[in-house]
Amino acid sequence: METIEASSDVLLQHPWLPISIDGCNLLVKSCFAETTYHILLTDMRCVWQETMQSAAIQSRAQELNKRLQAPVKAFFSHLCEVVRPCLSGSGQPSENQVGITVMRPEGGDLCLRLKSKLAELPFYWEFRCTPAPVDVVCLHLVQPLVSMSHVLQQQVEELEELLVTKDAEIQDYKENGATLSRARLQTDIFERHTYKVGFLAKTLAVVSSDDHGAKNFGDDLRELYTAIVAHGSKRKLSEQDQLVAVDPDPVTSSGVEACAEGGEADDKQNPSSPEAEARDHIVHTVPAQQLITCGRAEQTSSKAKKKKVVGLFR
């Protein structure tokens, strides 16, 4: 049976796609399985999501379509066929689709209302998306975008270094008598500060007027987003495998127990002795690594004469 966690993991691997629905520019991620779906939407001011399982889909379909008595599998494939083109940014809805509108009910929710035809009868559906929790927003949007910014900044720095090197190469050619065959190919020497000032002056005005960038999440950015998310997922799985591979050390456990039992026996024989008081203080303050060393030493030197526990910590 498909779970919410599984659909969320699959959705994480999908890039954000720019779409325009009913005059609204949005970024969307969607994952449609056999009888479940998970959808994320953002206008760069808020992020909404909806996750639906088979039973909830059946209930909503009957709520919106009073005459519909079919099981989920009978109409869910139609819903996927109709809505996927709209949520993929292709802008090519299927022939059965009549229209999709964006509603903003009170409470900050977002509703996508769909109307189409199923077996020559009207079929209605609503994606009732609610504001996504902070952890979902960070996982799907904030963390990948921060990583993308860092990667792109590194790329810019490397390209700047390459331009400086190319200028030095060209200057060497000129000093040795080389000339351009076409004057229009002449370029100015690259200067980092001058370029950054000019670039920001030209770009900031365009970015600030562009509906918060929802339309410009292009192919290159989607490819970079997918690569970063995939790399993060592989690293997370690798860390989990390493944790699972670390088994408890039976020698360590038995050694710690031996130290504790030895101390308890000394307390029973002479509960008020100075050695017992000193040992109690040491057991509560000595790091666990020293206790582990104590246990292993007793296991490996079974033929040697046993010493008091206090002596092992001196």
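This one's a predicted model, so the numbers in the text were calculated from it and none came from an experiment.
Across every non-hydrogen atom of C129 and L41, the tightest pair is SG-CD1, 3.9 Å. Scanning both residues, P144 and Y225, for their nearest heavy atoms gives CB-CE1, 3.3 Å. Smallest separation of non-hydrogen atoms from L40 and A132: CD2-CB, 4.4 Å. When all heavy atoms of R60 and E126 are compared, the closest pair comes out as NH1-O, 2.7 Å. The minimum heavy-atom distance between M148 and L221, with the atom names listed, is CE-O, 3.6 Å.
Under the side-chain contact (heavy atoms from CB on, under 4.5 Å) rule, S116 has a single partner from L79, V82, V83, which is V82.
By the 6.0 Å contact criterion, CD on E191 is enclosed, its count of non-hydrogen atoms from other residues, nucleotides or ligands being greater than 12. Residue I189 qualifies as open at atom CD1: its count of foreign heavy atoms under 6.0 Å is 12 or below. With a 6.0 Å radius and a threshold of 12 heavy atoms from other residues, nucleotides or ligands, D188 has its CG atom at or below the threshold.
Rounding to the nearest 0.5 Å places CG of L26 at 8.0 Å from OG of S20.
Under the side-chain hydrogen bond (donor to acceptor under 3.5 Å, both in side chains) criterion, Q186 pairs with no residue, sequence neighbours left out.
Salt-bridge annotation for K73 and E34: present, with a side-chain N of the basic residue lying under 4.0 Å from a carboxylate O of the acidic one.
Within the 3.5 Å criterion, the main-chain N or O of C46 finds a donor-acceptor partner in the side chain of D43.
Listed by first then second residue, pairs satisfying side chain to side chain donor-acceptor pair (under 3.5 Å) with a partner in residues 161-170 read E161-R192, E169-Y173, not counting sequence neighbours.
The aromatic rings of W125 and F123 lie parallel to each other, their planes meeting at an angle below 30°, with 60° marking the opposite boundary. Aromatic ring orientation, F32 versus F127: perpendicular (interplanar angle above 60°, classes split at 30° and 60°).
By the criterion of side-chain heavy atoms lying less than 4.5 angstrom apart, applied directly or through intervening Ile, Leu, Val, Met, Phe, Trp or Tyr residues, V146 is not grouped with V156; the two fall into different hydrophobic clusters.
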